[in-house]
Amino acid sequence: MRRRNFIKYCSMAVPGAIIASKMPTSFFHNEKSIHENYDDEFIKRMADLAIETAKSNGASYCDFRLSNFRSQQISTREATVQNISENENFGFSVRVIVNGTWGFASSSNFMEDKVTSMSKFACDIAKANIKLQRARVELVPTKAYQDFWQTPIRKNSFEVSIDEKVNKLLSINEKAKSLGASFCSSSFWAVNEWKYFASSEGSYIKQDLHRMLPGFQVSVVDKTTGKFEERNSLAAPIGKGYEYFEEYDWMGDVEKAVEETKMKFTAKSVEPGKKDIILDPGNLWLTIHESCGHPTELDRALGYEANYAGTSFMTTNNLGKLKYGSDLINLVADRTQIDGLATRGYDDDGVKTTEWHIIKNGLHVGYQTTREMARFIGEKESNACAYSDNWSHIPIQRMPNISLKPGDKKLSLNDLIADTEDGIYIIGNGSWSIDMQRYNFQFTGQAFYEIKNGKINQMLRDVAYQGNTVDFWNSCDAICDESEYRLGGSFFCGKGEPGQVSPVSHGSSPARFRKIKILNTSKEIE
Amino acid sequence: MILNEKYAKALLEKVLAFSNADGVQVNLRGSDQTNIRFAVNTMSTNGFSDGLSLTISSRFGKKIGSVATNKFDDSSLNEAVKKSEEVVKFSPDSKEYVELLGPQTYNPFKNFSETTSKWFEGQKASDELNDVISASISNDVSSAGFLNNDISFNSILNSKGLFAYSMSSDSGFSITVRTKEGNGSSRVEKRYVNSDSIKVTELSNRAIDRSILSKNPEEISPGKYTVILEPAAVADMVSLGLNFMGARGADEGRSFFSVKDGGTMIGQEVVNSKVTIYTDPTDELAPSNTFTSEGFPRSKTVWFENGVLQNLHRDRYWAEKNNQTVIPYPSNIIMNGTEKSLEQMIAETENGILVTRFWYIRTVSPKQMLLTGLTRDGIFEIKNGKISRPVKNFRFNESPMNILKNVIDIGKAEKATGSENESMQMFVPVLKVANFNFSSLSDAI
């Protein structure tokens, strides 16, 4: 193989860590080294090389991940295209266990000698840190799989022309302006996460994951008063192909957005106090995410996230005992959920994905686990929640799709509103914040409507709801049926050090919560 | 992966040679990153990563498109350049087009230290961390934390002859100490260009002492209090406040800094006259990058001087359109302090609350610049000049501008990292602030 030595910054030794040996100084070459459609046989050979090298350097376990994160982003405002970019980020990592200690090394330079050196380096890192490992890492067993899994998309976003997407975004902006918006920005973001996993236990798994995040924001400015109002699109990020962007009712959403933004100027400022609230799925997904998703991450509950994301009030001694919510509450984790952002065939431990209850009839019954964490609650196997957002990051426990089961009885949103005497109906997600153990939260929304005597009465403004997780979920007395079920979600759930983001969806039907504390945000700092 | 200036330029020139566009800009970045993470008094993860990435922005007329890749063989580079040109062809003319910059002159970068690249060599960092874990076990507390050591370079070449190159280093240590019963918590974090500035043992001991002081917090009512904000808390408020300081939003009437009937608050006394805040990438207190991703030179910008709003950040398009100066988004933030220590400020406070840091801060209302978030890892009542007891955490609803307006006193400044803007280099003081709005209680510790 012909090489050209681009010498590293001459005096810079690789941060040794942890370390024992130094890295080679040649880092890239002029020949084609890797491509996303690279030959399967070569990739398997590299995986086997990494694993064999690790074994010969004392590893009792090794996994090899190769991944390519491809994204396409288009952003526009009014009649202007602000950015069009296509990004690819390709690299590999080797994770090992030596004497009960993790070691991890990664590189964007996928070459045979680099695979060997990184595998050895991961082992060296582990060996250099054995003294810091006061409790040995042990993994619960998993089967070995040889498989390929793909997000079931109908149309690949990357195969659709850019001008088609640009035209659609500009038409949204134009529509908003024609209806009286002062400003409108819109964007399209598609991701294709291709990844290959192989382990010393015999797994060889390839996955091709797709997702997208489209949206817009409308602004109306009243220069005479110096006030402005905004409303975001209600479209959700989703694990689908381009068909979602084609089929979503953008014109309907933007029309309603401009109408609601204008209404906000004259809407009644909310009276603070305790009120019944009905949360639309576009709002409730985030409440589920923050108050159920995060506190039931087992690593967090055990203290592994204490320095960053926090710990959890849902401690392991309360598993099976904590009455988290009312009897209506069934929150189910599901990495196989159709259209879910966290849906895939296998996690980054190589474990086959599944579904399970987190909350069953109001009782806390489950956690999210990895192969490393599962044994701490006596589980014999992981429920496949290991994920790394990049080849350069070690997999950690990340959230699966967690969704609220719809109510069993026939109940539409209109029925629920008709059954509510004095309340607020909240649409879309706005501001959100929750404490580091997941007790106290505060959320806003995109639009708020007063409900009086079973009818939508008028728009409200300046609304935020505050609560304590357990009190909040125990106050739920009605959930609409599955005909009202929708997914919401996030591309950017943050956790870990170095920081990682993961995509995740949360589904629900509209639900009612009784006597929730409502703030008037405009009066908070008067 | 770190390339020195010579080899970075050679690679950039190679990429540029593949281009057939009217104009092209190529950004090349690389890094070597090493870290160790620990929790529950044991190492949890570690890692090394070397990365190199390239972004190519091609232009035909007023059309622009960009492609990012980290494949560096000749054919992949050529393919990436061609792809960026394909992307351009499908783009409409940019109505906010600005020309590529020509050659620029930059201040020399001061945010790189040779020493930092050696911190994790051998056993030094590992030995220091081992001592931290041992101290935590012997004090019967549970520690979690993160050590990182990152070296990176950043370079730009464009078809108008602009070339820029800089290196940076970032070493960090953070530790959260929780009492065994989970009834107390503290956290300390320091980040420096030079790893020698990080005193791991001293910082850990401080965190252990504070965690014990924070045990068994008692409930006091939410409401408006005089607070003493430690630098980590001030760092969040000041950096988040600067996020709202875009000139375009203010000119367009959709910003806290917009005024009725058009115009902005520039020139008005917006915050307390004790407050002066500026950006200066060459300031040794918190050095940062000396050029933007377009290659625009960064220099000193004063945001507030004696309470008066001096500047809002303005990109090249908006500056050209309005015939005004380009002011890049801040790469560092420095707020003037005094010689007064935290202890002195506590001693001079009859009734107040001491806040170590904030957590999970989000915007509630952009036009009021109203933020919500929580206190975390140490909040204490001050009575008659002394810390009287630990208290339960609060949720707050407050505005950074309100906080800076209500400043009563300013203490000593130091390098600080907030919870919401870790990458921003900040040097900020302790602040004593009146009427801080705590909205509700949190049971979280």
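We name chains A, B, ... by the order of the sequence lines, and we start the count at 1 in each one.
Options B:Ser84, B:Ala144, B:Ala80, B:Ser365 differ in how many heavy-atom pairs under 4.5 Å they form with chain A, and the most are formed by B:Ala144. With chain B as partner, the option from A:His393, A:Glu497, A:Lys517, A:Lys131 having the largest number of non-hydrogen pairs under 4.5 angstrom is A:Glu497. Counting heavy-atom pairs closer than 4.5 Å to chain A, the top-ranked of the candidates B:Lys367, B:Arg376, B:Glu96 is B:Arg376. Most heavy-atom pairs under 4.5 Å with chain A, from the set B:Ser258, B:Gly145, B:Ser399: that is B:Gly145. Chain A forms the most heavy-atom pairs under 4.5 Å with one residue out of B:Thr372, B:Thr69, B:Asn435, and that residue is B:Thr372. Ranking A:Trp391, A:Trp432, A:Phe441 against chain B, the residue ahead of the rest is A:Trp432, based on heavy-atom pairs under 4.5 Å. Contacts with chain B were tallied for A:Ile434, A:Thr521, A:Val221; A:Ile434 has the most, counting heavy-atom pairs under 4.5 Å. Listed options B:Leu371, B:Val88, B:Thr363, B:Val259 were ranked by heavy-atom pairs under 4.5 angstrom with chain A; first place goes to B:Thr363. Chain B forms the most heavy-atom pairs under 4.5 Å with one residue out of A:Gly430, A:Ser161, A:Gly103, and that residue is A:Gly103. Counting heavy-atom pairs closer than 4.5 Å to chain A, the top residue among B:Leu374, B:Val132, B:Thr45 is B:Leu374. The residue among A:Gln133, A:Met436, A:Glu372 with the most heavy atom pairs within less than 4.5 Å of chain B is A:Met436. Counting heavy-atom pairs closer than 4.5 Å to chain B, the top residue among A:Asp163, A:Ile396, A:Leu302, A:Asp435 is A:Asp435.
Counting only heavy atoms from C-beta outward, the side chains of A:Gln500 and A:Asn390 never approach each other to under 4.5 Å. Side-chain contact check for B:Phe48 versus A:Ile125: some heavy-atom pair is nearer than 4.5 Å. Inter-residue side-chain proximity for A:Ser106 and A:Phe92 is flagged as unmet; no heavy-atom pair is nearer than 4.5 Å. Looking at B:Gln368 and B:Met401, their side chains never come closer than 4.5 Å, going by heavy atoms from C-beta outward. Looking only at side-chain heavy atoms (C-beta outward), B:Phe436 and B:Lys224 stay at 4.5 Å or farther from each other. Counting heavy atoms from C-beta outward, A:Phe443 and A:Ser431 have side chains that stay 4.5 Å or more apart.
Of the two parts of A:Thr444, only the side chain, counted from C-beta on, holds a non-hydrogen atom closer than 4.5 Å to a non-hydrogen atom of chain B. Residue contact with chain B, scored on non-hydrogen atoms closer than 4.5 Å, is absent for A:Glu164. Heavy-atom distances place no part of B:Ser57 under 4.5 Å from chain A, backbone and side chain included. Heavy-atom distances place the side chain of A:Arg461, and not its backbone, under 4.5 Å from chain B. Of the atoms belonging to B:Ile175, it is backbone heavy atoms, and not side-chain ones, that fall under 4.5 Å from chain A. The contact between A:Ser219 and chain B is made entirely by side chain atoms (from C-beta outward), counting heavy-atom distances below 4.5 Å. If you measure heavy-atom distances from A:Thr311 to chain B, the contacts under 4.5 Å come from the side chain alone. For B:Ser442, the parts sitting under 4.5 Å from any heavy atom of chain A are the backbone and the side chain alike. Looking at B:Ile56, neither its backbone nor its side chain comes within 4.5 Å of chain A, counting heavy atoms on both sides. At a 4.5 Å heavy-atom cutoff, the contact between B:Asn397 and chain A is made by backbone and side-chain atoms alike. Neither the backbone nor the side chain of A:Ala122 comes within less than 4.5 Å of any heavy atom in chain B. With a threshold of 4.5 angstrom between heavy atoms, B:Phe38 does not approach chain A through any atom at all. Neither the backbone nor the side chain of A:Ile74 comes within contact range of chain B; no heavy atoms are under 4.5 Å apart. With a threshold of 4.5 angstrom between heavy atoms, A:Arg438 approaches chain B through side-chain atoms but not through N, CA, C or O. In this structure, no portion of B:Lys124 lies under 4.5 Å from any heavy atom of chain A. When heavy atoms are compared at a cutoff of 4.5 Å, A:Gln442 approaches chain B by way of both its backbone and its side chain. Within the 4.5 angstrom heavy-atom criterion, only side-chain atoms of A:Thr101, from C-beta onward, approach chain B. Contact annotation for A:Glu230: only side-chain heavy atoms (C-beta onward) come within less than 4.5 Å of a heavy atom of chain B. Contact of B:Asp127 with chain A is made through backbone and side chain together, with heavy-atom distances under 4.5 Å. Only the backbone of B:Ser255 comes within less than 4.5 Å of a heavy atom in chain A; its side chain stays farther off. With a 4.5 angstrom heavy-atom cutoff, B:Ser91 touches chain A via backbone and side-chain atoms both. Only the side chain of A:Asn468 comes within less than 4.5 Å of a heavy atom of chain B; its backbone N, CA, C and O stay farther away. Using a 4.5 Å cut-off between heavy atoms, B:Ser439 touches chain A through backbone and side chain atoms alike. For A:Ile394, the part lying near chain B is the side chain, with the backbone staying farther off; criterion is any non-hydrogen pair under 4.5 Å. Only the side chain of B:Arg37 comes within contact range of chain A, with heavy atoms under 4.5 Å apart. B:Ser174 touches chain A through backbone and side chain together, each having a heavy atom under 4.5 Å away. Heavy atoms closer than 4.5 Å to chain B are found nowhere in A:Asp299, neither backbone nor side chain.
For the 3.5 Å distance criterion, the side chains of A:Asn109 and A:Ser107 fail to qualify, holding no donor opposite an acceptor. Inspection of the A:Gln437 and A:Ser312 side chains reveals no N or O donor paired with an N or O acceptor under 3.5 Å. Using a 3.5 Å distance cut-off with no hydrogens or angles, the side chains of A:Arg134 and B:Asn41 do not pair a donor with an acceptor. For the residue pair B:Asn149 and B:Thr34, no side-chain donor N or O sits within less than 3.5 Å of a side-chain acceptor on the partner.
Salt-bridge formation is not detected for the pair A:Glu229/B:Arg254: no Lys NZ or Arg NE/NH1/NH2 atom is positioned less than 4.0 Å from an Asp or Glu carboxylate oxygen. Salt-bridge formation is not detected for the pair B:Lys71/B:Glu79: no Lys NZ or Arg NE/NH1/NH2 atom is positioned less than 4.0 Å from an Asp or Glu carboxylate oxygen. Under a 4.0 Å N-O distance rule, the pair B:Lys14/B:Asp74 qualifies as a salt bridge. Between A:Glu78 and B:Lys95 there is no salt bridge, since none of the side-chain N atoms of the basic residue sits less than 4.0 Å from a carboxylate O of the acidic one. Salt-bridge annotation for B:Glu252 and A:Lys223: absent, with no side-chain N of the basic residue lying under 4.0 Å from a carboxylate O of the acidic one. Between A:Lys227 and A:Asp222, none of the side-chain N atoms (NZ, or NE/NH1/NH2) sits under 4.0 Å from a carboxylate O, so this pair counts as no salt bridge. The residues B:Glu86 and B:Lys83 are annotated as not salt-bridged, no charged nitrogen and carboxylate oxygen being separated by less than 4.0 angstrom. Ion pair B:Lys392/B:Asp443 flagged as a salt bridge, since at least one NZ, NE, NH1 or NH2 atom sits closer than 4.0 Å to an Asp/Glu carboxylate oxygen.
Judged by distance alone, the side chain of B:Arg395 and the main-chain N or O of A:Ser433 form a donor-acceptor pair under 3.5 Å.
No more than 12 heavy atoms of other residues, nucleotides or ligands lie within 6.0 Å of NZ in B:Lys260, so this atom counts as exposed by the packing criterion.
Between A:Phe69 and A:Phe90, the distance from one ring center to the other does not fall under 6.0 angstrom.
Ring orientation note: the planes of B:Phe394 and B:Phe438 are close to parallel, at an angle under 30° on the 30°/60° scale.
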